[in-house]
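The block underneath contains the structure these notes are about, expressed in structure tokens.
Convention: sequence-line order gives letters A, B, ...; per-chain numbering from 1.
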Amino acid sequence: MPELPEVETIKNTLLPKLVGRRIMGATVHLPRLIKRPAAQEFVSLLGGKEVLDLSRRGKYLLLHLSEGYCLVFHLRMTGRLLYLPAAAPVDKHTHLIIHLDNGEQLRFHDLRTFGTIYLVREGELDQIRGLACLGPEPLGPQFTPAYLKEVLAGRRTTIKGALLNQELLAGLGNIYVDESLFRAGIHPARQAASLTGEEVARLHRAICEVLKEGIRYRGTSVRDYVDGEGKAGGFQKRLAVYGRGGQPCVKCGATLEKVRLAGRGSVYCPCCQPLKCDTK
DNA sequence: AATTGTACCTGTCAGC
DNA sequence: TGCTGACAGGTACAAT
């Protein structure tokens, strides 16, 4: 479940450890996670490259390497990127080990093996489709109430479905969508296009606030997430609705309800997030 | 064209 | 005790 705040935290924890390091080699345990190029070429290309910088785009983590290469990770649900000493035990969920020139390692660990790894030239990043099709960064200048209003208008899906769509807005996942909708007082099953200007403004503010708080508390560790140093985040203690179905609402005490929307478990307060009549 | 459903995975937990 | 099935959910792709 690494979403924007988790990937941002991983980037922040890895940045000081990786920048300036040279890659001495790589060991691949599960080649199918490497989407391009083929694992053998992936390993030979990585050798000798220096890590120049790290960045995040949506839920993607990018390692900018020397000679114009970029190593791209998507952690999907259970992926982890860990900076560890070479002597640390390697468990069965470690699928890629990158050997660094100081004897430390960067390991890709993924219980469910949904994660994806790419090594491409900086100029060819748009060949990674999911990355190329991302909508604006929610904490960037392009994400304004007007933008949100515009992309929700004319859409025939629920607000929950729309906010999970990475092409509309990059980086939100199930946790932060549910939390944002709760803060904005909007029912997740509302038709996206039915939101009023005032509701869109509230939702815009809620998304920005929830994401900033998520980053400030170093991400949400519900089950799998840890940062680049293996440390859990703290935002799970501040969740108002996610994972709290059947429990009392923190605002009004009503019992939180759980439904399935856009294929995801969705928790909301029936009192604070009323479902108004939508005109279909 | 846009939206919905399913596959991809493995571990955990409730229920029997 | 040990089994079964539901569930966890991001994205690509198939189906509608």
Side-chain angles (χ1 to χ4, degrees), chain A residues 1-8 10 29-36 56-62 72-81 91-96 108-118 125-135 137-138 150-181 188-194 211 214 219-226 232-233 235-236 239 241-247 256-268 278 280:
Chain A
M1 288 163 272
E3 304 177 25
L4 188 153
E6 287 75 38
V7 181
E8 180 72 16
I10 293 170
H29 290 133
L30 190 58
R32 72 174 155 82
L33 301 191
I34 298 166
K35 301 304 173 182
R36 84 181 47 159
R56 178 196 58 74
R57 176 79 174 94
K59 301 171 193 169
Y60 288 83
L61 182 71
L62 290 77
V72 180
F73 294 94
H74 195 300
L75 305 177
R76 298 288 183 107
M77 253 92 73
T78 54
R80 296 175 171 182
L81 272 172
D91 75 25
K92 65 172 177 171
H93 300 301
T94 298
H95 307 307
L96 169 68
F108 185 79
H109 180 282
D110 191 355
L111 186 147
R112 292 174 74 181
T113 71
F114 286 174
T116 52
I117 304 167
Y118 308 82
L125 282 169
D126 58 358
Q127 290 183 16
I128 302 172
R129 241 225 313 162
L131 180 59
C133 295
L134 286 177
E137 284 291 322
E150 184 192 320
V151 294
L152 294 180
R155 224 148 257 279
R156 294 190 190 285
T157 183
T158 59
I159 187 62
K160 170 99 185 198
L163 294 180
L164 286 170
N165 184 342
Q166 302 298 298
E167 297 183 25
L168 302 188
L169 193 59
L172 290 180
N174 206 34
I175 296 173
Y176 293 96
V177 167
D178 276 11
E179 293 299 314
S180 299
L181 288 170
R190 286 280 303 283
Q191 284 295 305
S194 78
L211 291 177
T220 304
S221 294
V222 175
R223 46 164 52 95
D224 294 292
Y225 167 73
V226 292
F235 196 65
Q236 64 279 3
L239 294 174
V241 287
Y242 179 85
R244 297 195 63 244
Q247 297 178 41
L256 298 178
E257 290 183 8
K258 182 168 182 179
V259 295
R260 203 155 186 88
L261 275 173
R264 313 283 159 67
S266 303
V267 184
Y268 65 96
D278 283 346
K280 270 215 164 174

Pairing residues for A:Y60 by the ring pair (Phe, Tyr, Trp, His ring centres under 6.0 Å) criterion, not counting sequence neighbours: A:H74

Toward the 5' end of DNA chain B, by each residue's nearest nucleotide, A:R76 or A:R223: A:R76

Between P of C:dG10 and CG of A:N165, the distance in whole Å: 13 Å

Set of residues satisfying side chain to side chain contact (heavy atoms under 4.5 Å, CB included) with respect to A:Q166, sequence neighbours excluded: A:K59, A:L134

Euclidean distance, A:I128 CD1 relative to A:L62 CG, rounded to 0.5 Å: 7.0 Å

Contact under 4.0 Å: A:K59 side-chain N or O vs C:dT11 OP1/OP2: yes

Under the side-chain hydrogen bond (donor to acceptor under 3.5 Å, both in side chains) test, residues paired with A:S180 that sit two or more places apart: none

A:Q166 vs C:dG10: side-chain N/O to OP1/OP2 distance below 4.0 Å: no

Sugar-phosphate, base or nothing in reach of A:K35, heavy atoms under 4.0 Å: nothing

Rounded distance in Å - CZ (A:R260) to C1' (C:dA8): 9 Å

Integer-rounded Å distance: C:dG10 P and A:L169 CG: 14 Å

Contacts of A:Y225 that satisfy side-chain hydrogen bond (donor to acceptor under 3.5 Å, both in side chains) - sequence neighbours left out: none

Whole-Å gap separating C1' (C:dA6) and CZ (A:R112): 12 Å

Exam field: side chain A:T78 to backbone A:D110, donor-acceptor pair closer than 3.5 Å: no

For atom CG of A:N174 and atom C1' of C:dC7, their distance in whole Å: 12 Å

Pairing string, 5' to 3', for DNA chain B - Watson-Crick or wobble contacts under 3.5 Å, brackets [ ] where pairs cross, | to another strand: .|||||||.|||||||

Spacing between A:E167 atom CD and C:dA12 atom P, to the nearest angstrom: 9 Å

Pairwise 5' ranking along DNA chain B for A:G263 and A:R155, keeping only the more 5' one: A:R155

With sequence neighbours excluded, residues passing side-chain hydrogen bond (donor to acceptor under 3.5 Å, both in side chains) with A:H109: A:D91

Phosphate-side-chain proximity, A:H74 and C:dG10, N/O vs OP1/OP2 below 4.0 Å: no

Nearest-angstrom distance, P atom, B:dC9 to C:dA14: 16 Å

Distance in angstrom units between A:R264 CZ and C:dA6 C1', rounded: 17 Å

Nucleotide C:dA8, atom P - distance to CD of A:E6 in whole Å: 18 Å

Criterion side-chain contact (heavy atoms from CB on, under 4.5 Å) against A:F108, the qualifying member of A:L96, A:T94, A:I34: A:L96

N/O contacts under 3.5 Å, protein versus nucleotides 13-16 of chain C?
unit_1: C:dC13; atom_1: OP2; unit_2: A:R129; atom_2: NH2; d: 3.1

With sequence neighbours excluded, residues passing side chain to side chain contact (heavy atoms under 4.5 Å, CB included) with A:R56: A:L4, A:V7, A:E8, A:K11, A:E137

Residue list, side chain to side chain contact (heavy atoms under 4.5 Å, CB included) with A:T158, at least two apart or on another chain: A:K160, A:Q191, A:L261

Residues in side-chain hydrogen bond (donor to acceptor under 3.5 Å, both in side chains) contact with A:R36, at least two apart in sequence or another chain: none

For A:D126, all residues meeting side chain to side chain contact (heavy atoms under 4.5 Å, CB included), sequence neighbours excluded: A:A132

Chain A contact limits on DNA chain B, taken 5' to 3' with a cut-off of 4.0 angstrom to heavy atoms: B:dT3 to B:dG11

